[in-house]
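Because the structure is a prediction, the values reported are computed rather than measured. To find a chain, count down the sequence lines: A is the first, B the second, and so on, and within it residues start at 1. These numbers come from the heavy atoms of this one structure, side chains and all, not from hydrogens, waters or symmetry mates.
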Amino acid sequence: MSDPAPTSSTTTTGGSADNSGGSEAGGVPIILQGVTKKYPGTDAAAVDNIDLEIGAGEIVMLVGPSGCGKTTTMRMVNRLIEPTSGTISIDGEDVLSLNDVKLRRTIGYVIQQIGLFPHLTIEQNVAMVPKLLGWDKSRISTRVEEMLAVVGLDPHEFAHRFPRQLSGGQQQRVGVARALAADPPIMLMDEPFGAVDPITRTRLQDEFLNLQQKLRKTIVFVTHDFDEAVKMGDKIAVLDKGSRVAQFAAPEEILTSPADDFVAGFVGQGATLKRLQLERLDSLDLHQSSRSTHDGVTPLPVRSTLHDVLDAMIADGRDELPVEKDGQLIGTVTLEDLLDRVRALREEADGKLSRRGDETGGVA
Amino acid sequence: MSAAVDLLSDPDGRDTKLHQAPSLLTWRDLGIPLLCTAVVVGELYYLSQVTLGASQANILEIDNLVLRTREHVVMTLTITVIVLALAVPFGVLITRPRFRWLASPVLALGNIGQAAPIVGLLAIIGSFVFGFWPVVGMIAAFSILPVLRNTIVGIEQVDVGVKDAARGMGMSPMGVLMRVELPLAIPIIAAGTRTALILAVAVIPLGTDMNAGALGELVFAGIKLNRAESLVCGALLIAVLALLVDWASGLAQRALTPRGIR
Ligand SMILES: Nc1ncnc2c1ncn2[C@@H]1O[C@H](COP(=O)(O)OP(=O)(O)OP(=O)(O)O)[C@@H](O)[C@H]1O
Ligand SMILES: [Mg+2]
């Protein structure tokens, strides 16, 4: 709170140094092999023989119906639950060979039930892991302010409140700040934005993706919102009952070629439109045309997604719209361009699918 | 960013009275001590005005009153210390995973124990042993039950999500206990202790026959001599002590409860 100004910039970036292992990503790979969890007294395994490889610095989204074992899978990574069989390794080390308490201090965990400490202030909640790690006071308080700002909570307003004096969505954001505080190389996030409104959620997602671009943590992220999965994920694992991996692929691939009916059902209606959210205008060749024809039409920024472009065309009732970059008109885009692009994506996906079919004799 | 922050800030100003801590002591808290002072002063004034027979004069001498009161307080405090020192650690132990199976039998046993008539027990044991420690020991054994039960309940009622988060962020089991479970169980443990204390103050006089002293001396002397002054004086002082102990432990309970859950 006082004035530790000179150190603040180093605390922002330096946190995970001891775990980064020299790679560019701040995160480390997590590999699950044949992991099974059977709770005592139940017949079916909650997690049945799951294999999952999560690369360093990747965001992997887990989606699947309620009770399919997402939380269980996640909690085996930080050993809150011990697997019945199978191995989990983090950065090449079997987690069962590590000290569980120390392991958990290097893994940020946002739990589904939020779980803030009701007797501690927001500041003390966020400061907990750095404190356990023995950071000094001024470094902790700088860090707490920084983390609260990241999740959009004004430190001056919120730092000294208690959890019960916050709304559910605000509490959830404190949960995220708390998990990020010690800058762990791995984050496990169980529906971290479930209780916030769509506007705040979008802002938090953007903020988080920005942060992730700098930090390159390895993130396992559970969500029920498929659009969130598409937006946030480097890869999406669609899970069925018992954590059966129905498909594990990049969002683009899941949208254009769902592996089976179950995945297709999960993607839901409008897969093509969702696919257009992942493409931006700068991926198209624009047409050159005279300015005069587009008087009175607001040009689209070149960073717009194709989804936005289509939306604008329908709204304006035009099949051609101008595009601008840094305030300069740089060309136009037509409805025909969009349709061509969709066709190309489809063919690309079909090509991949048949290639994969040739290699493996079908989709797993 | 600033627009977003505005948007997110609390619309109903829930924070306005947040930053001043609720004060621990209010005017209403002074009622009980004032009442007790008034009763004691009134009684002492009354005693100074009446002429007491020789048999009662010694008993109701101010020095004796102070002595008996002090004995009562010392016994109460001793019992409290013993009860807390045994019940809390034992209660904590029972809530650890390894001993959790003990919880329900212990609670059941506790309820049976609670139902056993302590007067009868004191009478039976009182025919074999005498003095301070047997009385203190027996009342302590009896008062342990509410504290033990509340320790177990207090720790078990801590939100699973909160304990989970604590474990998940890398607190050791001892860390979870000291930083999370016990602080959150304090209000309930304190409530049990308060019950136990008042029970102790009220039961101590029954140990008078075992030569443990305390304010019961006045009451029983009054009964033996068939004199109201001594009996009433003893009863009043015991009542005053019980009220004060309840008052003080109520304050302590409030002070010990973490502010976030008060
Ligand atoms: N402690 C437990 N004991 C027994 N069964 C459990 C336990 N925890 C979870 N289960 C069962 O294991 C299965 C998977 O639970 P899990 O919490 O992992 O689901 P999930 O995918 O996270 O669901 P949700 O989306 O609703 O959070 C469920 O069928 C659940 O009933
Ligand atoms: Mg879950």
Side-chain angles (χ1 to χ4, degrees), chain A residues 74-75 78-80 99-122 124-125 128-129 131-133 149 151-154 157-158 160-167 169-170 173 175 178-179 181-182 184 188 190 196-197 199-200 202-204 207, chain B residues 1-22 97 100-101 154-155 157-190 254-262:
Chain A
M74 200 173 234
R75 286 159 67 87
N78 65 3
R79 289 190 58 189
L80 281 175
N99 174 296
D100 56 345
V101 169
K102 288 205 183 108
L103 170 75
R104 290 183 200 126
R105 290 181 189 172
T106 65
I107 300 178
Y109 180 36
V110 183
I111 84 164
Q112 197 168 1
Q113 303 88 330
I114 307 178
L116 298 185
F117 303 128
H119 58 305
L120 301 181
T121 61
I122 300 310
Q124 292 167 325
N125 265 279
M128 190 53 87
V129 187
K131 213 164 131 191
L132 292 173
L133 291 170
V151 296
L153 296 172
D154 178 7
E157 197 186 336
F158 289 96
H160 299 290
R161 288 205 199 179
F162 288 100
R164 69 180 153 86
Q165 297 158 331
L166 264 59
S167 73
Q170 290 166 339
R173 282 180 274 156
R178 180 173 69 172
L188 306 176
D190 206 340
V196 297
D197 64 278
I199 297 174
T200 311
T202 306
R203 206 185 60 72
L204 284 173
E207 197 81 30
Chain B
M1 183 83 189
S2 77
V5 170
D6 281 349
L7 183 85
L8 306 172
S9 65
D10 218 343
D12 51 26
R14 232 176 297 188
D15 62 327
T16 39
K17 24 185 192 349
L18 269 171
H19 293 295
Q20 72 235 35
R100 182 148 295 144
W101 57 273
I155 289 177
Q157 57 85 44
V158 174
D159 186 73
V160 213
V162 172
K163 281 190 276 196
D164 233 38
R167 237 153 55 81
M169 69 171 55
M171 277 191 204
S172 61
M174 190 48 111
V176 177
L177 176 67
M178 301 306 286
R179 288 173 194 264
V180 178
E181 291 179 299
L182 278 181
L184 290 175
I186 278 179
I188 296 176
I189 297 177
R254 219 187 300 164
L256 287 172
T257 302
R259 202 151 71 77
I261 55 173
R262 206 177 284 155

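For I111(A), the part lying under 4.5 angstrom from a heavy atom of chain B is the side chain only. Of the atoms belonging to I107(A), it is backbone heavy atoms, and not side-chain ones, that fall under 4.5 Å from chain B. Both the backbone and the side chain of I261(B) come within contact range of chain A, each with at least one heavy atom under 4.5 Å from a heavy atom of that chain.
With chain A as the partner, the residue from G168(B), P173(B), P258(B) showing the most heavy-atom pairs under 4.5 Å is G168(B). Between chain B and the options R75(A), Q113(A), R79(A), heavy-atom pairs under 4.5 Å are most frequent for R75(A). Chain B forms the most heavy-atom pairs under 4.5 Å with one residue out of P163(A), A179(A), G175(A), G115(A), and that residue is G115(A).
Distance alone, capped at 3.5 Å, places no donor-acceptor pair between the R105(A) side chain and the M169(B) backbone. With hydrogens and angles ignored, the 3.5 Å screen pairs a side-chain donor or acceptor of H119(A) with a backbone N or O of R179(B).
Atom-to-atom distance recorded for S172(B):OG and R104(A):CZ is 10.5 Å, nearest 0.5 angstrom.
Counting all heavy atoms, side chain and backbone alike, R178(A) lies closest to A165(B) at NH2-CB, 3.3 Å.
Annotation: K163(B), atom NZ; neighbour count of heavy atoms from other residues, nucleotides and ligands within 6.0 Å is above 12.
Between R167(B) and the options V101(A), L80(A), D100(A), a side chain to side chain contact (heavy atoms under 4.5 Å, CB included) holds for only L80(A). If you run side chain to side chain contact (heavy atoms under 4.5 Å, CB included) between F117(A) and each of D159(B), V162(B), L184(B), only V162(B) comes through.
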